[in-house]
Participant: 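Below you'll find the structure I mean.
Reminder, nothing fancy here: chain letters follow the sequence lines and each chain counts from 1.
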Amino acid sequence: MGLDITWAVDWVRRSAQVISEHRVELITLDREIGDGDHGENMDRGFQAVLPKLDDLAAGSTPGDVLKLVATTLISTVGGAAGPLYGTAYLKAAAAAGSAVSLDGPAIAAILTAARDGVVARGKAETGDKTMIDALTPAVDAADAAAAAGVDAAGVFAAAADAAEAGALATEPLVARKGRASYLGERSAGHRDPGAESSALLLRAAADAAAASAGA
Amino acid sequence: MGLDITWAVDWVRRSAQVISEHRVELITLDREIGDGDHGENMDRGFQAVLPKLDDLAAGSTPGDVLKLVATTLISTVGGAAGPLYGTAYLKAAAAAGSAVSLDGPAIAAILTAARDGVVARGKAETGDKTMIDALTPAVDAADAAAAAGVDAAGVFAAAADAAEAGALATEPLVARKGRASYLGERSAGHRDPGAESSALLLRAAADAAAASAGA
Amino acid sequence: MKKIINDPKRVVDESVAGFGLAHADIVRVEFDPIHVVRADAPISGKVGIVSGGGSGHEPLHAGYVGFGMLDAAVPGAVFTSPTPDPIVAATKAVDGGAGVLHIVKNYTGDVLNFETAADLAAADGIEVRAVITNDDVAVKDSLYTAGRRGVAGTVLVEKIAGAAAERGDSLDAVVAVAERVNANARSMGLALTPCIVPHAGEPSFTLAEDEIEIGIGIHGEPGRERVKLEPADRLVDRLLEPILDDLPYERGERALLFVNGMGGTPQVELYLAYRRAAEVLEERGIQITRSLVGNFITALEMQGMSITLLKLDDEMVELWDAPVQTAALRWGR
Amino acid sequence: MKKIINDPKRVVDESVAGFGLAHADIVRVEFDPIHVVRADAPISGKVGIVSGGGSGHEPLHAGYVGFGMLDAAVPGAVFTSPTPDPIVAATKAVDGGAGVLHIVKNYTGDVLNFETAADLAAADGIEVRAVITNDDVAVKDSLYTAGRRGVAGTVLVEKIAGAAAERGDSLDAVVAVAERVNANARSMGLALTPCIVPHAGEPSFTLAEDEIEIGIGIHGEPGRERVKLEPADRLVDRLLEPILDDLPYERGERALLFVNGMGGTPQVELYLAYRRAAEVLEERGIQITRSLVGNFITALEMQGMSITLLKLDDEMVELWDAPVQTAALRWGR
Ligand SMILES: Nc1ncnc2c1ncn2[C@@H]1O[C@H](COP(=O)(O)OP(=O)(O)O)[C@@H](O)[C@H]1O
Ligand SMILES: Nc1ncnc2c1ncn2[C@@H]1O[C@H](COP(=O)(O)OP(=O)(O)O)[C@@H](O)[C@H]1O
Ligand SMILES: [Mg+2]
Ligand SMILES: [Mg+2]
Ligand SMILES: [Mg+2]
Ligand SMILES: [Mg+2]
């Protein structure tokens, strides 16, 4: 069963919820190796998306929702995360196209497009201790799951698991991109806040997919 | 036995010593109801007097020493205490005149002149929570002792006792002069730093007098 | 105590030396005894203006030495009035034959030391007059007390009197306008944190995480009242109330609104406070025609602010707008 | 957290509103989206200069809007780069037909948001160029990293590029001089205390009573190294060494020495540090011909300082000396 507009809207609501719940945690992670605003920035962004969901035209697609998230994040988040997540959702929307329902391979393609967009803008490589270190394992896991014929909800579940592992694995890394890079060796021993928020957003997607599959 | 130049020089040395020992205490008292500099100011002043003692001409009198203290305090202490103590020593020097030895009545007269000088400059009254609340009891006790025929050392001892009691008695007072007055009612419950330094200086005088009497 | 200093006893000397090096185009620094004078002092025929007081309030006073403001500043030890010697030296250095004005903040020590210095300078044939600033409404004034403190209003007195002297006013006229500014200025301050005097090494007072001091001065002394931290707008109201009670305004009267930082408060907070003050004054029909926002008279690194309101007349506005070229206040040249 | 604020979410809006009220003679404040522009913008035929970035660094950038410096400033949330919308709005507001320069501090967020804004403005037919400042020698630069941060050198770039634009230089020429200033500026900072971001409510890091952070930026982030507090002279040496290693000077070369306070450090300490820096540079035969001392780019109430050295050429000196009339930097008019 593919993921439709209901799932997309639910994902956004769950995203706003989970980011708000982890606002302080993301601020704390960012305070340790950055400037302490990541949770505040992401929360501001997703709270700004929520009211706009009500204005979605009838017949909107998942791609429309992704586009709405993209433009709202770009115009409300600021910092590094705003343009990077904005690009991610924009590329995801483009990959989603006008499909009304997304199957496993479509989800894998969307995640790939999102990740590639972030890399194109931020020039980070694997191991630089950024959100890429959550997104790339997620893309790889999604690709593998989709290739194995897993359904869309399962693809997101695999992506979320991998993103969480990837976020955790940023802890020992020395940052080479973003503010944490200014700390040099002292950035090791802390989890990257952007990798953590990526994992949270993918878990929200998987939960929304599971709920929609269960419904 | 009267108090001579040896006593005067010894008094100054003991004053410098006792002020230096109580520097932090005077700073703390002043921090509580003033601006935290009284100990530093007095210490700077008396440390500046010390080297000048060596330059005293042969045949100098106690009055010369008092004058030296006055001018040095005026030019090194600053704040309220500088001009007030400066005036006190200046008036004391004038009262001492060119006498080579000071007896009980002379000491009482010197203390009276010093106190009157401070009142004339600072306009404080008894109970305003200032050095006057140490000096006036000291003057009264010195007058009484001198009138009773007590010797110079005894007059200073009486003055020092009274000054200590007076300083202690400033604790419950609400200040009406000096910085402590800005605190209004909140100045009550703290000892006045200037009254405390006055008591210390008079005790040093008494100790020097006792030592010179014993010698 | 965490400070960028070497020896606490050398703080003032070393800092004033740095000040002199950084602003050699505007000032000259003398060290024995220590004072800061305009590079072009004395100016023949111009009233000289000298101010001074304890250090730790920078940019007051050395930061206001220069064209259109002070001719000399005399820095004492931290929070300690200077002694008469450097005041006399500064007075002589700026005497251009038209007399010298001493602008003195109303503290016993400052008043007494400047008095002695004035006597000594007068003995040398210099005509010296003093204006004592006392704009702090936190302090109850009475015949029997030391009276009100001179605080942020002092900066306004120095600017306006300086402009009067610069345009060639007589000593009498400069004294008159300085006194008028002082009489029309009212200030009130609060502190969020204490400060640490270098030689004391410990905070001037302690406050709980949710407490502030209302009615503080500029010497790290506690205020008249300790209250719970409140929103900025309420704090501003607390400062403005006694100011406006003490010197009421008619609707339509003009004022200069001066929000001053105590040294450790970031600008973002000062402008936020300014917004509320402007709002309150507008509600009362008071026209804010001139403004000053920033750290202009401080208590070392203390966090807090003061608000000063100066009732303006045409001449004050003209003199406020006149060119000034000092390290800390500059416009028009 | 002790701050003179109302709601942490309204800090920037309320503060910028106050700024606009206090400096209505110099700037105009727009709120939707938020940006600060010169009162007389746009100026036909003049290159427009826009800067911006997270708030909390005041007076940067709004304090530098005015004659001879910036045409607009775009304040983001505290320590957070603004989004593209207000940057686009500011760019349009100052476009006088001669193109617009974006001066951007080198942080991923600032660079990306200004990039997007430039693309959007270009789509509307405005020629936009960007100069990225990256003067912080505390950060190791390499192809594989985010590169050096833009810190206090940014103020110098804004002043000098602003003067070039004001005298009528073309966009190419303004870009060239801005890049030259950036290429010749080196900075290094240290912190004695952390700062507290209003929405975070907790200090950005913790330090023992005898510890300081060396190599900090302007966002309350920890530095590269934590060391024991040392005498001021030694601290100054620690900052100057990497600056001079990175951009060596020949004897006789001229420099502008800029001692910047991080917001919570009193002036007395900054000038004390200046004294030592001037001493060291004199020993090395470097001529300090221009100076700047004060809180010009800050990290809220952080205690600490940075030192910036700019190698000067004749044109830079001329442009530095040119008149400027902004809330925070003013001379010559
Ligand atoms: N060049 C980059 N590529 C990918 N992700 C990046 C890059 N730079 C920063 N990030 C991500 O952005 C996160 C920080 O976001 P945020 O705190 O909102 O922005 P800022 O760093 O501007 O304060 C980092 O934790 C990191 O995951
Ligand atoms: N008007 C006055 N008359 C007498 N003594 C005074 C007066 N004002 C202040 N003092 C004394 O001076 C002391 C403070 O001295 P000090 O701290 O050195 O000067 P400052 O108040 O200028 O910092 C007070 O404790 C008080 O005893
Ligand atoms: Mg961040
Ligand atoms: Mg004192
Ligand atoms: Mg004092
Ligand atoms: Mg940020």
Participant: Name the region of C:D210, side chain, backbone, both or neither, that has any atom closer than 4.5 Å to a heavy atom of chain D.
Facilitator: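 Contact with chain D involves the backbone of C:D210 alone.
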Participant: Is any side-chain heavy atom of C:R275 less than 4.5 Å from a side-chain heavy atom of D:L21?
Facilitator: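 Contact flag for C:R275/D:L21 side chains = yes.
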Participant: Counting N and O atoms only, with roles assigned by atom type, does the side chain of D:E301 sit under 3.5 Å from a partner on the main chain of C:Q303, one being a donor and the other an acceptor?
Facilitator: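 No; zero donor-acceptor contacts below 3.5 Å.
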Participant: At a 4.5 Å cut-off on heavy atoms, which part of D:R333 comes close to chain C: side chain, backbone, both, or neither?
Facilitator: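 Backbone only.
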Participant: Is the D:H23-C:Y274 ring centre distance short of 6.0 angstrom?
Facilitator: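 Ring centres of C:Y274 and D:H23 not closer than 6.0 Å.
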Participant: Does atom CZ (C:R284) have a neighbourhood of more than 12 heavy atoms from anything else shown, all under 6.0 Å?
Facilitator: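 Atom CZ in C:R284 is not crowded, with 12 or fewer foreign heavy atoms closer than 6.0 Å.
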Participant: Is it the backbone or the side chain of D:A278 that comes under 4.5 Å from a heavy atom of chain C, or both, or neither?
Facilitator: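 Looking at D:A278, just its side chain touches chain C.
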Participant: Which atom pair, heavy atoms only, marks the closest approach of C:S291 to D:A22?
Facilitator: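 The answer is CB-O, 3.8 Å.
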Participant: To the nearest 0.5 angstrom, please state how far the OG1 atom of D:T289 sits from the CG atom of C:D25.
Facilitator: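 Spacing of OG1 (D:T289) from CG (C:D25) equals 11.5 Å.
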Participant: Treating C:K3 as the side-chain partner and D:A232 as the backbone partner, does any N or O pair qualify as donor plus acceptor under 3.5 Å?
Facilitator: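 It does not hold such a pair.
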Participant: Determine yes or no for a side-chain-to-main-chain donor-acceptor pair under 3.5 angstrom, with D:D233 supplying the side chain and C:N6 the backbone.
Facilitator: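 The answer is no, because no donor-acceptor pair under 3.5 Å joins these two groups.
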Participant: Could you tell me which portion of C:L229 (side chain, backbone, both or neither) has an atom closer than 4.5 angstrom to a non-hydrogen atom of chain D?
Facilitator: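 It is the side chain, since no backbone atom gets that close.
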Participant: Do any N or O atoms from the side chain of C:E269 and from the backbone of D:I4 form a donor-acceptor pair under 3.5 angstrom?
Facilitator: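 Side chain of C:E269 to backbone of D:I4: a pair is present.
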Participant: Identify the two heavy atoms, one from C:E58 and one from D:V268, that lie closest to each other, and give their separation to 0.1 Å.
Facilitator: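 Scanning both residues, the minimum pair turns out to be OE1-CB, 4.0 Å.
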Participant: Using non-hydrogen atoms only, which part of D:L207 is less than 4.5 Å away from chain C: side chain, backbone, both, or neither?
Facilitator: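 It is both, since atoms from each part get that close.
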Participant: For D:E279, does the CD atom sit with more than 12 other heavy atoms under 6.0 Å from it, leaving out its own atoms?
Facilitator: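 Atom CD in D:E279 is crowded, with more than 12 foreign heavy atoms closer than 6.0 Å.
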Participant: Out of curiosity, C:L300 CG to D:Q267 CD, how far, rounded to the nearest 0.5 Å?
Facilitator: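 The distance works out to 11.5 Å.
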Participant: In terms of heavy-atom proximity below 4.5 Å to chain C, should D:P59 be classed as side chain, backbone, both, or neither?
Facilitator: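 It is both, since atoms from each part get that close.
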Participant: Does CD belonging to D:E211 count more than 12 external heavy atoms closer than 6.0 Å?
Facilitator: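 Buried by this count: over 12 neighbours within 6.0 Å.
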Participant: With chain C, which of D:R290, D:H57, D:E14, D:K2 has the greatest number of heavy-atom pairs at distances under 4.5 Å?
Facilitator: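 Of the candidates given, the most pairs with chain C belong to D:K2.
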Participant: I need the residue from C:G263, C:A328, C:G332 with the largest number of non-hydrogen atom pairs under 4.5 Å to chain D.
Facilitator: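 Result: the option with the highest number of such pairs is C:G332.
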